Structure formats: structure tokens, C-alpha cells
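The model shown is predicted, which means the values in this text are computed figures rather than measured ones. Just so you know, these numbers use all the heavy atoms, side chains as well, and skip hydrogens, waters and symmetry mates. Just so it is clear: chains get the letters A, B, ... in the order the sequence lines come, proteins before strands, and each one is counted from 1.
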Amino acid sequence: MLDIKLIRENPDIIKLAARDKKVTCDVDNLIEVDARRRKVQQEVEALRTQSREGGQQIALYRNPKGDWYKRAVENGKSPDEIKAEADRIQQELNDVKARIKPLEEEDRTVQEEFDALMLTIPQPPAPEVPVGVDDTENVELRRVGEIPTFDFDAKDHVTLGRDLDIIDIERGVKLAGSRNYILKGVGSLLHQAVLRLAQDMMVKRGFVPMTVPVLVNESVMTGTGYFPVGREQAYLCERDEMALVGTAEVPLTAYHNGEILSEDQLPLKYCAQSTCFRREAGAAGKDTAGLYRIHLFDKVEQVIICRNDEEASIAFHREILQNAEDVVQALELPYRVVNVCTGDLGQGQVQKYDIETWMPSRDSYGETHSASRFYEFQARRLMLRYKDANKKTRYCHTLNNTVIASPRILIPVLEIHQNADGTITIPAALRPYINNQERIQPRA
RNA sequence: GGAGGUGUGGCCGAGCGGCUGAAGGCGACGGUCUUGAAAACCGUUAGGCGGGUAACCGUCUCGGGGGUUCGAAUCCCUCCACCUCCGCCA
């Protein structure tokens, strides 16, 4: 969410952002509704003032023990006169009340309309974000690590998983439908290992590990910007008005919602492993093979809540990107970093860097990490604030990035570290988490 | 799930339907005092929305929503959260 004043004063910036981000919103309508909302509010408030002041009069007139009443009697007013006056005011107030009622109704309606429109307004992207239609126009910033060439017939992760008996997609689908899978044996251990490695690295860097709800109420989804735009991507538990999160970013960022922090608490750095649920609506037929695009996975996520300062936000953005790069490097995987273009940016994101890791079976880099900064966008929706040095209440800035998402990351781990004999060399960083096992051997 | 109870400002805690956005205490912050600190004393200390360059003003908010009333923290309904007992249970 943005400041309505900013929208009023710079409608063209918002319209441009909406166009570049391919977000649908009606800025002109919002501005018109806003004008109506303020007008109605002022009318209601004027009537309420009248009503309150009249009520206070009545209180005086109806209290024979009060100073005002005693003085009035001393000045020659009879109790009957006073009572008549009170009755007259009360009658007047009945009229005022009758006028307030429909205005209050209108006030409520127009406010709801305003709120709904506000939730559709996109955050303008940073100037350094390339303008583009979709992910094909993301701009590569750098490549790290060497793309391997195999002097044998390399297998994809699905084949490797089957041959080594560590991934069972068929039975996963049998239990839960398409885009489901089962990790088995060392496959399951490897999954746990990458998650634990990632978490340990983050804790060493001062991030507070958290265990958080993955089934949350809708206000939390709205607050983090996943609702109402994008609602169709979430699994809903409608009977209980709850939603399953697609990322631990949601509970971590919303952790302090509605709070006013003190500046010396900032920055707050949190990480959490959680299961992530995604409907992948609209992705029918896309990336159907293997573990790339699946309905359920586990992820360690990092979140930073910091001061309202663009410089600070940008610096932390670099930091969380580096954290993720270090994890990919620890897994000995080649990757590249891309500057995500406007068309591939979410509604609330100011800028996003994706890490794409080399996946031999795709013969390309595939997205494994996504580092975003939001400025106030989420904080405004969440009422996530702090008192600055001048005791002024300000909205925090928020950022987040993947640390590791598995099993997607197992695609390159398995494919890149495979050997001619069908075994897989486990990266050294993971071995401590798998009883120091060095290789995955085919089943006997 | 059943029965009962509770829900007031950062925390604790008052609050006959009008003068209560709310006594009092604690905490925090500022000041006086002190060589410095403590103590003591004085003062400040909620958020939303709207108006205004600003000082400031209006309005709403006493768990959320609705109702009764000229007027609600106070009465009624409902939802939510927490506590106690019973039931079920990883």
C-alpha cells in the first residue's frame, strides 16, 4: 500500500508503474473515490459535533444538582422552562441523528470502496529496474561458477531419483495429484540437509530462527501483499477463513504487525524454515516434469525489517542476496544473478534480484532464489511501524529472500554432482548432516 | 466440543449511561537538585482518519462488529482471544 497523498499528487507515476508491472488498477477512480470519502467524512464529523454538543447541553438541563442548573434557577428560569428547552434540543437532535444515519452509511461504503482500491495499487519500481514484459527480459548481472560439461550421458534428476531410489514422483502423484512427489531414503535426508545447512548459515549471521504458523488468517495474507491480488495462488481453508502460506515471508514479516517498535530494535533479522503451499494456478502444463514446479515444498526464508531509509534498504538488499549466494556456493553450484524486469515484478516489490542456478536437464539457469525489497509497501498494510529519533512514528521497510528452497535446489545438486558411474557426490558442506556420507550409490 | 469466567492506554489497575480518551500506580522520556549517580520533586508520555505551511483543530477508537439512547468504557446481541473445569487427542 502507498500513501494516498503520494497517489493524489503523482497519479502518472502510479499509472506508469501499473503499466510496466502489468497490474490492473484504476487510479482515476481511486482519486475520485478519495475525494468523495473526504467530503462525506467532513459532513459526518460536522453533524457529530453538533450532536455531541447538543447532548452535553441536555446533560446540564437535566441535572437539577448541577451548577449550571442552579445558576439558571437563580437567574429566574423556572424548572418547567428548562425542561421545555431540553425537550426542544432533544427533538432537534433527533433530526440531526436522522441526517447522520444515511451519511454514516455512505461514509462506510465509500471507505470500503477506497480500501479495496488502495489494495490494488502497485509500488513503483526503483529506477534501476529494467522495463520489460516478462522473465525473458530480466537482465543478467553476473555469472558465478562454471557450467559443467559431461563426458558421459548425463541423466536428469527424475531419472537419477528413480535409479537411486531417492525420488518417487509416481507415487507422490498417486497420493496427492500432479505436482506432488515423495522423497525417499537419502533423498529425504538430502532435503533435510540443505535446509539445515541454510538455517545454520543464517543463524551464524545473526538471524533469529523462528518456527511459525503456516496456516494464517487472511489479514496476514493481505498485509504482506499476497491478497487480494494473487489470492487464487493460495490454498484456502474456507471453513475457518484461513489460508496456507506460500512462504514463511508471510508470518515472519507479519510477526510485528500492528506494533510500534523503537528505532534501536532495528534492524530485525529473522529466518524460518516452513512448508510452502502453492496452487500454481494458471501454470497448467508449465514445468510439469520433475521437482521444478510443485505444490508443496520446504524453504528457509530470510526477512529483514529496517528503518525507513532507502540507503539502508538497498544495503540490506545486497546483504540478503549475498547470504543466498553463499549458500549456493557452499553447495558448489554455478549460478547467475538477474535484475528482474518490471513485468516480472510483484505488485509490492521495489526491486527484485533472482538467483538462477544452472540446471543441466533444463539446459538453462532456473530460478532458485528471489530477493525483494518493498520499502513501506508491506509495512503500511501491516501497520508495522517504529518511533524514530525525533519520536516520529514511521513505517518500517521490509525485505526478504530465499535462503534455500528444497526440493527444487536438489535438481542442480543431483544433476551437477552426478558421476559417470551413476553415483552422486554429496557436496562437502552437506556431509556433516548426512552422517558424513560422501556419495549416493545406486540401489543394489 | 460442553460449562463457567475474563478482556480498559507500554504494563498494572479504577471507572453511579452525560462533566472520562479515560483516576491512580509502575515504567519510559525531559527537567530541577547533585562533582556524578541514586533518592526526592516538577513535567511529558496512545493510535487511525480528516482539515491546516505550522502551532493546532475536528472526529473515531476502552478485544472486533452490530444494537438501544439526545448521549455508551458503562446496557443488549454477536464474534474473537485468554483463563478454569470436563471431554477428546499427536
Side-chain angles (χ1 to χ4, degrees), chain A residues 1-9 30-72 82-119 211 213-220 222-223 237-243 254 256-266 275 376 379-396:
Chain A
M1 195 143 66
L2 303 179
D3 187 347
I4 181 62
K5 289 190 194 109
L6 187 130
I7 300 171
R8 278 205 293 261
E9 286 158 20
L30 172 66
I31 289 172
E32 192 269 316
V33 169
D34 172 53
R36 225 163 68 220
R37 147 184 167 266
R38 285 182 293 155
K39 180 170 161 285
V40 173
Q41 178 175 341
Q42 282 166 35
E43 287 170 6
V44 169
E45 287 183 5
L47 286 175
R48 281 209 266 249
T49 306
Q50 204 178 329
S51 164
R52 182 180 52 81
E53 286 172 353
Q56 282 166 353
Q57 285 278 302
I58 293 174
L60 296 176
Y61 285 43
R62 293 264 159 88
N63 181 7
K65 288 177 189 154
D67 291 344
W68 183 92
Y69 194 98
K70 285 177 188 162
R71 237 178 298 127
I82 294 172
K83 183 178 180 305
E85 181 68 359
D87 288 346
R88 190 187 60 74
I89 295 173
Q90 188 164 325
Q91 188 52 51
E92 256 176 42
L93 290 183
N94 275 328
D95 295 344
V96 172
K97 196 182 170 190
R99 277 194 288 153
I100 289 181
K101 198 106 187 177
L103 268 179
E104 275 182 337
E105 182 56 39
E106 191 184 342
D107 187 37
R108 192 166 28 230
T109 316
V110 76
Q111 183 67 44
E112 278 169 17
E113 202 179 336
F114 174 77
D115 292 341
L117 286 168
M118 281 296 276
L119 291 179
T211 301
V214 293
L215 186 58
V216 300
N217 50 45
E218 294 210 3
S219 68
V220 168
T222 304
C237 301
E238 281 166 308
R239 188 166 64 170
D240 300 296
E241 295 181 318
M242 304 284 274
H256 291 288
N257 92 56
E259 298 181 24
I260 300 178
L261 307 164
S262 65
E263 185 164 0
D264 54 24
Q265 287 178 268
L266 303 177
T275 301
E376 303 179 350
R380 276 185 178 271
R381 291 172 168 235
L382 290 165
M383 293 295 278
L384 170 54
R385 294 163 296 171
Y386 69 99
K387 280 239 192 293
D388 71 10
N390 301 317
K391 298 197 172 175
K392 194 169 176 273
T393 304
R394 313 194 64 189
Y395 291 100
C396 300

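Sorted by first and then second residue, the ring-ring contact (aromatic ring centres under 6.0 Å, His included) pairs involving residues 33-55 of chain A (not counting sequence neighbours) form an empty list. The ring-ring contact (aromatic ring centres under 6.0 Å, His included) analysis of residues 34-64 of chain A, with sequence neighbours excluded, yields the pairs Y61(A)-W68(A).
One atom, OH of Y69(A), and another, C1' of rG18(B), lie 16 Å apart when rounded to the nearest Å. Summarising the geometry, the separation between CG on D240(A) and C1' on rC80(B) is reported as 13 Å, rounded to the nearest angstrom. Atom NZ in K387(A) sits about 9 Å away from atom C1' in rU45(B), given to the nearest Å. Between the CZ atom of R36(A) and the C1' atom of rC49(B) there is a distance of 17 Å, rounded to whole Å. Atom CG in L261(A) sits roughly 13 Å away from atom P in rG47(B) (whole-Å rounding).
Annotation: side chain to side chain contact (heavy atoms under 4.5 Å, CB included) contacts of R88(A) (sequence neighbours excluded): E85(A), E92(A). Taking R385(A) as the reference, nothing meets the side-chain hydrogen bond (donor to acceptor under 3.5 Å, both in side chains) condition, with sequence neighbours excluded. Remark: K387(A) pairs with T393(A) by the side-chain hydrogen bond (donor to acceptor under 3.5 Å, both in side chains) rule, at least two apart or across chains.
For rA22(B) and rU61(B), the C1' atoms lie 12 Å apart once the distance is rounded to whole Å. Taking atom P on both nucleotides, rU68(B) is separated from rG30(B) by 49 Å, rounded to a whole Å. rC56(B) and rA40(B) have their P atoms separated by 31 Å, with the value rounded to a whole Å. rC26(B) sits 11 Å from rC42(B) when the P atoms are compared, rounded to a whole Å. Across rA73(B) and rG63(B), the matching P atoms stand 10 Å from one another, rounded to whole Å. Rounded to whole Å, the C1' atom of rU59(B) lies 26 Å from the corresponding atom of rG7(B). Taking atom C1' in both rA72(B) and rU20(B), one finds a spacing of 12 Å when rounded to whole Å. Using C1' as the reference atom, rC86(B) and rG9(B) are 37 Å apart when rounded to the nearest Å.
Across all strands shown, the partner of rG1(B) is rC86(B), judged by Watson-Crick or G-U wobble contacts whose two distances both fall under 3.5 Å. When Watson-Crick and G-U wobble pairs are counted only if both distances are under 3.5 Å, rA40(B) pairs with rU32(B). Pair assignment for rG17(B) gives none, since no Watson-Crick or G-U wobble pairing has each distance under 3.5 Å. Across all strands shown, rG58(B) forms a Watson-Crick or G-U wobble pair with rC49(B), both key distances being under 3.5 Å. In a base pair of the Watson-Crick type (N1 to N3 plus N6-O4 or O6-N4) or a G-U wobble (N1-O2 and O6-N3), with each distance short of 3.5 Å, rU6(B) is matched with rA81(B).
A salt bridge is absent between R99(A) and E43(A): the closest approach of a Lys/Arg side-chain nitrogen to an acidic carboxylate oxygen does not fall below 4.0 angstrom.
Within 4.0 Å (heavy atoms only), K5(A) reaches no atom of the nucleic acid at all.
There is no side-chain donor-acceptor pair under 3.5 Å between Q57(A) and E53(A). Side-chain contact of Q91(A) with D87(A): a donor-acceptor pair under 3.5 Å is absent, judged by distance alone.
Taking only side-chain nitrogens and oxygens, K391(A) never comes nearer than 4.0 Å to OP1 or OP2 of rA46(B).
Nearest-nucleotide assignment on RNA chain B puts the 5′-proximal partner with I260(A), out of F114(A) and I260(A).
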5' to 3', nucleotides 55-75 of chain B under a 4.0 Å protein heavy-atom cut-off (B base, S sugar-phosphate only, - none) gives ---BSS-----S---BS----

